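Okay, so here's the structure we're looking at.
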Amino acid sequence: MSTQQLPDRAQIVIIGGGVIGTSVAYHLTKLGRADVVLLEQGQLSCGTTWHAAGLVGQLRASESGTRLVQYSTQLYAELEAETGLTAGYKQCGGVTVARTEDRMTQLRRTAANAAAYNLDCELLSPAEAYERYPVMRIDDLVGAIWLPADGKANPTDLTMALAKGARQRGAKVLEHIRVLDVLTDGARVTGVRTNAGDIEAEIVVNCAGQWAKAIGAMAGVNVPLYSAEHFYVVTETIAGVHPDLPILRDPDGYTYFKEEVGGLVIGGFEPEAKPWVAPDQIPYPFEFQLLEEDWEHFEILMENALLRIPDLEHTGLKKLYNGPESFTPDNQFILGEAPECANFFVGAGFNSVGIASAGGAGRALAEWIVNGAPTTDLTGVDIRRFAPFNGNVSWLHDRVAEVLGVHYEIPWPNRELTTARPFRRSPVHHLLVAANANFGSRMGWERANFFAPAGEEPVIDYSWGKQNWLPWSAAEQLTTRSAVTVFDQTSFSKYLLTGPGAEQALQWLCTADMAVPVGKSVYTGMLNARGTYESDVTVTRTGATEFLIVSSAATTERDKDHIRKNLPPGAQAELVDLTSSMAVFGVMGPRSRELLSSLTDADLSDDAFPFATSQLISLGYATVRATRITYVGELGWELYVPAEFAVGVYENLLAAGEQFGIGRGGYYAIESLRLEKGYRAFGRELTPNETPVDAGLLFACKLKTDIDFLGRDAVEKARADGPRKRLVSFAVGSPEPMLWGGELILRDGAVAGQVTSAAWGATTGACVGLAYVRAGDDTVVTPDWIRSGSYTVNVGGEVYPITVSLKAIYDPANERVR
């Protein structure tokens, strides 16, 4: 391979010859793109791929992630027939054990997820787990699960097979070619500069593993990842260990075990990792190299391995492997086209799921390249979930020390990462701290989850049941329903689309009609060509040629990229990010009008200030934009306040609000209140897998007009065909269980869907939520079909009845928002 000459040009250049780069090359050629050149600075698989453990566990936290790995296993089993090279793939099954009841609850939830995704999964007693894995100790176990479809692959063999498949369809795979620079014209990529010369390219794909951050920087692209030292040992042979032995995972002991040549590979994810060097300081060359042994750091893993496999006490160790792997700030890999540079794609940060995900992720990225957009929901791994500030090397260094250990921690509901914080802070952050707030983080913003009473610590005691903060959040909910609450919602993404073509642009981008008068606010979706959601936003016309767009905190970069890429050709419109320039305070509740009226001369009556309108008003000494809208289902206004006036406005609201029973509220209360009202959230109810027909949001689509919009044809077809799934509100029939989202929904005892969001509803007196239900075949889900069923929800193995409705659980007639 290395003897081939570097061509002068190629349609697509891939940087990196590990398992991800070769998978992308393989799938691009499979999609008919033969003019592909893959460049590897050393030899194929020589970076981090070669020392990967090769575990292929199918079940992931999301359906989209699970489908990626399912495809991987199918591909790996077929590669030898196609290429003549084995991927070293063997389906041996996997056993995951639980030492605690909390871990067992997680495994029961995992089993419910498997049922939702139609994957085989079996709950096991300790004795049954021993039958599957007879060399382990079980006297300290509570139970286990068995996933028969789990397997293992040989990373280097897999890489070679994928590379051969790509070459057979015309791709060039060149070794010992080091990329020195990425060439651009300032807006899009034009090629790469290598130690063997320049190569012109229309598309460049960065699959450089732990080098991906440095390669991205060459193109002005942020790829936030950082390497950590990652350890495993290989043992001598052990009696009873054979090639068909399943993979064993003992997450309470941070360890996994895989058979290799009659012995075991023992690795894990220690709670506190060792960050390696900065991404731009990785030594060169670094081929098939390991770092120094560190038995002291490995000690916690070895102690737990000895506990689980007693025979290790008298088994020799062949070698301790310490190979660096790159981790992202949220432990999910990175996929997609970089927003900073057109036609520059990234597939990196896979850490310990690279072998399992490579097939599916390679296909997904290849489809994105060929089609110009993702073909499935990749929101959780999309590169646009990160902003430039996430590339700060000092921040990444501190964050990665925690992220590696998260891999085997109990995935507590609402778990917050604690390292490298506080990060982004609203202007009133110090006032929230003084009020005893507990903070979560979204897109780096420190946001109040709840407020603890005086004398209580504002901390979360994690559990699967009702957590310690629930009574405090419930009180915030009840204050909002009965009096008035102020919420700091500064983390909202806020953009201005301005110019003579702004209305025309938004008519194309938005599902709702944007030809509205100045001061009108409109809730709308933004779709892709498939008619599924890319965002949902509120748009306020603030001038003849000016619109304020408000979106969720997490989608800033994604929204901006989507809007800019889909502006109509020649549209005279410019998008400006205002997120950091304005604080936002939600003033919500039946007494919100009284409170605000005490601070302003503006007429806030229903006639003068109707719902879904916006005005500039004086509020004390400040002039703010007040928009009458709600995400909690009560009368209320969102106040958009210039950052320099934020502290004064917030203090005035609290001082004036004392006579009206004002309270402070956090995001946990918002979540509960919005779910009682059935309000949707992007990333959960609204994703690139759902249409407005599925989500019950056709009212926000201008289908009664002849105005075209992005995705309209697909929405029209979906409406004509009828939905195969439908979003419903539900309330649990018992106040006993606590739901968090992801639970399995059953209709007449059969699997019917999953909860997308759930929370405790203080007004309802039980957990409430939203869920998509489906018939399980190609049946159209009609209102009559929904109403004719009897529904239950599986909560950690316990089944409870639920009431399901196409309308809101709370105030379905919207009388409270008036």
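Source: prediction; values computed, not measured. Atom set for the values below is all heavy atoms of this structure, side chains included, hydrogens, waters and symmetry mates excluded.
- Gln70 is listed as a side-chain neighbour of Arg67, based on a closest heavy-atom distance under 4.5 Å.
- Screening Val135, Ile266, Ile247 for a side chain to side chain contact (heavy atoms under 4.5 Å, CB included) with Phe257, the sole residue that qualifies is Ile266.
- Side-chain N or O atoms of Thr22 include none that pairs as donor or acceptor with a backbone N or O of Ala163 at under 3.5 Å.
- Judged by distance alone, the side chain of Gln289 and the main-chain N or O of Pro285 form a donor-acceptor pair under 3.5 Å.
- At least one donor-acceptor pair under 3.5 Å links the side chain of Thr49 to the backbone N or O of Val19.
- Between the side chains of Thr100 and Asp102, no donor N or O sits under 3.5 Å from an acceptor N or O.
- Partners of Arg108 under the side chain to side chain donor-acceptor pair (under 3.5 Å) rule, at least two apart in sequence or in another chain, do not exist in this structure.
- A side-chain donor from one of Asn322 and Glu229 sits under 3.5 Å from a side-chain acceptor of the other.
- Put simply, the side chain of Ser72 gets close to the backbone of Leu68: a donor and an acceptor are under 3.5 Å apart.
- At a threshold of 4.5 Å between non-hydrogen side-chain atoms, the residues Leu248 and Val97 count as touching.
- Arg399 contributes a side-chain N or O that, together with a main-chain N or O of Thr419, makes up a donor-acceptor pair within less than 3.5 Å.
- Other residues, nucleotides and ligands contribute over 12 non-hydrogen atoms within 6.0 Å of the CD atom of Glu416.
- The side chain to side chain donor-acceptor pair (under 3.5 Å) test applied to Glu82 returns Tyr26, Arg169, not counting sequence neighbours.
- Under the 4.5 Å side-chain criterion, counting only non-hydrogen atoms from C-beta, Thr86 is not in contact with Leu79.
- Pairing each heavy atom of Asp377 with each of Pro688, the nearest pair is OD1-CD, 3.2 Å.
- Side-chain atoms of Arg385 and Thr328, non-hydrogen and from C-beta on, do get closer than 4.5 Å to each other.
- For Lys213 (side chain) and Leu225 (main-chain N/O), no donor-acceptor pair under 3.5 Å exists by modelled atom type.
- Within the 4.5 Å cutoff, the side chain of Gln754 has no heavy atoms near those of the Ile745 side chain.
- Looking at Asp140 and Arg308, a side-chain N of the basic residue comes within less than 4.0 Å of a carboxylate O on the acidic one, giving a salt bridge.
- Evaluation of the salt bridge (charged side-chain N to carboxylate O under 4.0 Å, His left out) test over residues 352-362, restricted to residues two or more places apart or in two chains, returns none.
- Between Tyr256 and Pro251, the closest side-chain pair of non-hydrogen atoms is not below 4.5 Å.
- Each salt bridge (charged side-chain N to carboxylate O under 4.0 Å, His left out) pair with one or both residues in residues 110-124, not counting sequence neighbours, appears once here: Glu122-Arg132.
- Between Phe327 and Leu404, the closest heavy-atom pair is CZ-CD1, 3.3 Å.
- Open room surrounds CG on Asn118; 12 or fewer heavy atoms of other groups in view lie less than 6.0 Å from it.
- Residues meeting the salt bridge (charged side-chain N to carboxylate O under 4.0 Å, His left out) test with Asp244, sequence neighbours left out: Lys90.
- Considering all non-hydrogen atoms of both residues, Leu335 and Ala364 come closest at CD2-CB, 4.2 Å.
- With sequence neighbours left out, the salt bridge (charged side-chain N to carboxylate O under 4.0 Å, His left out) criterion links Arg249 to Asp150.
- Heavy-atom minimum distance, Tyr71 versus Gly359: CE2-O, 3.4 Å.
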ring-ring contact (aromatic ring centres under 6.0 Å, His included) for Trp412 and Trp740? Distances and angles first, verdict last. CA-CA 10 Å; Trp412 295 118; Trp740 301 100; 9.6 Å; no
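- Evaluation of the salt bridge (charged side-chain N to carboxylate O under 4.0 Å, His left out) test over residues 46-58, restricted to residues two or more places apart or in two chains, returns none.
- The only member of Leu264, Val241, Ile238 that meets side chain to side chain contact (heavy atoms under 4.5 Å, CB included) when paired with Asp311 is Ile238.
- Using a 4.5 Å heavy-atom threshold, the side chains of Tyr89 and Leu158 count as separate.
- Gln210 and Ser326 form no side-chain donor-acceptor contact under 3.5 Å, judged by distance and modelled atom types alone.
- When all heavy atoms of Gly742 and Asn113 are compared, the pair lying nearest together is O-OD1, 3.2 Å.
- Scanning both residues, Thr315 and Glu236, for their nearest heavy atoms gives CG2-O, 3.7 Å.
- In terms of modelled atom types and a separation under 3.5 Å, the side chain of Glu287 and the main chain of Gly42 share no donor-acceptor contact.
- In this structure, the salt bridge (charged side-chain N to carboxylate O under 4.0 Å, His left out) partners of Glu409, at least two apart in sequence or on a different chain, are Arg415.
- Between Pro329 and Val403 the shortest side-chain heavy-atom distance does not fall below 4.5 Å.
- Not a single donor-acceptor pair under 3.5 Å links the side chain of Arg363 to the backbone N or O of Ser23.
- Using a distance-only test at 3.5 Å, with no hydrogens or angles considered, a donor-acceptor pair links the side chain of Glu175 to the main chain of Leu44.
- Every pair passing ring pair (Phe, Tyr, Trp, His ring centres under 6.0 Å) that includes a residue from residues 264-294 is listed here, sequence neighbours excluded: Trp50-Phe288, His230-Phe269, Phe269-His407, Phe269-Tyr408, Trp276-Phe286.
- Remark: Asp294 pairs with Lys274 by the salt bridge (charged side-chain N to carboxylate O under 4.0 Å, His left out) rule, at least two apart or across chains.
- Between the side chains of Arg99 and Asn304, at least one donor N or O lies within less than 3.5 Å of an accepting N or O.
- Without hydrogens or angle criteria, Ser357 side chain to Ala361 main chain gives no donor-acceptor distance under 3.5 Å.
- Side chains of Thr48 and Glu325: no donor on one and acceptor on the other come within 3.5 Å.
- Residues forming a side chain to side chain donor-acceptor pair (under 3.5 Å) with Glu259 (at least two apart in sequence, or on another chain): Lys152.
- By the side chain to side chain donor-acceptor pair (under 3.5 Å) test, His297 is found to be paired with Glu270, residues two or more places apart in sequence or in another chain being considered.
- With 3.5 Å as the limit, one finds a donor-acceptor pair spanning the side chains of Gln106 and Arg103.
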